[in-house]
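The structure appears right after this line, and notes come after that.
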Amino acid sequence: MSLTRKLMRLGNSAEALEAAKRAVHLSDSVLRLCLTVAHLNRAMYFACDNVLWAGKIGLLPQLDQNNWSQRSFRYYLFALILNLTRDAYEIQLLMEREARLYASRSTGASSSSSLSSSPPETGSPLYQAAPVLVSLSGAAVPDLHARLRRQLHFLVTVLRSNPPLLLDLLKNTCDVFIPLDRLGIYPTSQGFVGACGLASSILSILTIIHPWLKLKP
């Protein structure tokens, strides 16, 4: 059973290298960098895991198990950080697109309403007092709250309309606590790490059952 699992890990290393070769040809420079380096780190993580297995079965009796374990989790953590960076980048692009759509809809609505009412004459007191009224009523805090609510609305809209991106973000977030705990960067309880691993496994199974849920590329 252990041998079969390790052979599968060897296959995972080869698969990660092939994925890195494919990612090199992506047109988007940010995605190309994040995905290529992330796949290479995943390949190194699996390679270190195979070295650890060889040490455990006696093929490498002088192997420093703790040192190689720490090294493998460092590769794993770096790969997850790059995956999360990729998720954040894609979310930002989609939120910017939502903002442009919102601005175009707002511009269309304001232009249609301006046609129904004519502006005051430039010489009228109302027109002259308008800048003063705007400067007095323009409070920074309500404007900031409105902007934050709008950004939150864009974020929820983007994640709701892109289930593969949402699942990938959740999976990477669950996974990242495992190497953070093992490396001592952010120690947590065994129960919390186990729950994160279980949640990540469930999300991975969902992408296998429903391939369209897997984030591409």
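- Side-chain atoms of Ser69 do not come within 3.5 Å of backbone N or O of Gln65 as any donor-acceptor pair.
- Under a 3.5 Å cut-off, the side chain of Thr36 and the backbone N or O of Leu33 do not form any donor-acceptor pair.
- Within 6.0 Å of the CZ atom in Arg97, the count of heavy atoms belonging to other residues, nucleotides or ligands does not exceed 12.
- Note: Ile202 CD1 to Cys174 SG = 9.5 Å, rounded to the nearest 0.5 Å.
- Leu213 and Leu198 fall into different hydrophobic clusters, where Ile, Leu, Val, Met, Phe, Trp and Tyr are joined by side-chain heavy atoms under 4.5 Å apart, directly or via other members.
- Residues Leu183 and Phe192 share a single hydrophobic cluster, defined by chaining ILVMFWY side chains whose heavy atoms lie under 4.5 Å apart.
- Remark: the backbone N or O of Ile81 is paired with a side-chain donor or acceptor of Thr85 at under 3.5 angstrom.
- Within a 6.0 Å radius of OH in Tyr89, more than 12 heavy atoms belonging to other residues, nucleotides or ligands are found.
- Under the 4.5 Å side-chain heavy-atom criterion for Ile, Leu, Val, Met, Phe, Trp and Tyr, Leu203 and Leu84 are members of the same hydrophobic cluster.
- Atom-to-atom distance recorded for Ile91:CD1 and Leu159:CG is 5.0 Å, nearest 0.5 angstrom.
- Under the 3.5 Å distance criterion, the side-chain polar atoms of Arg32 are matched with a main-chain donor or acceptor of Leu26.
- In this structure, the side chain of Asp181 does not engage the main chain of Pro187 through any donor-acceptor pair within 3.5 Å.
- For an aromatic pair to be called close, the ring centres must be under 6.0 Å apart, and Tyr45 with Tyr76 satisfies this.
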*asked:* side chain to side chain contact (heavy atoms under 4.5 Å, CB included), that's the test. Do Leu17 and His39 meet it? Break it down for me.
replied: CA-CA 7 Å; Leu17 289 174; His39 288 312; over 6 Å; no
*Evaluate the criterion side chain to side chain contact (heavy atoms under 4.5 Å, CB included) for residue pair Arg42 and Tyr75; output intermediate values, then yes/no.*
CA-CA 7 Å; Arg42 281 184 64 244; Tyr75 284 124; over 6 Å; no
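- In terms of modelled atom types and a separation under 3.5 Å, the side chain of Asn162 and the main chain of Leu165 share no donor-acceptor contact.
- Lys171 and Asp175 are joined by a salt bridge, as a carboxylate oxygen and a charged side-chain nitrogen come within less than 4.0 angstrom of each other.
- Counting heavy atoms from C-beta outward, Arg71 and Trp68 have side chains that approach closer than 4.5 Å.
- For the atom pair CG (Asn41) and CZ (Arg74), the distance works out to 11.5 Å, reported to the nearest 0.5 Å.
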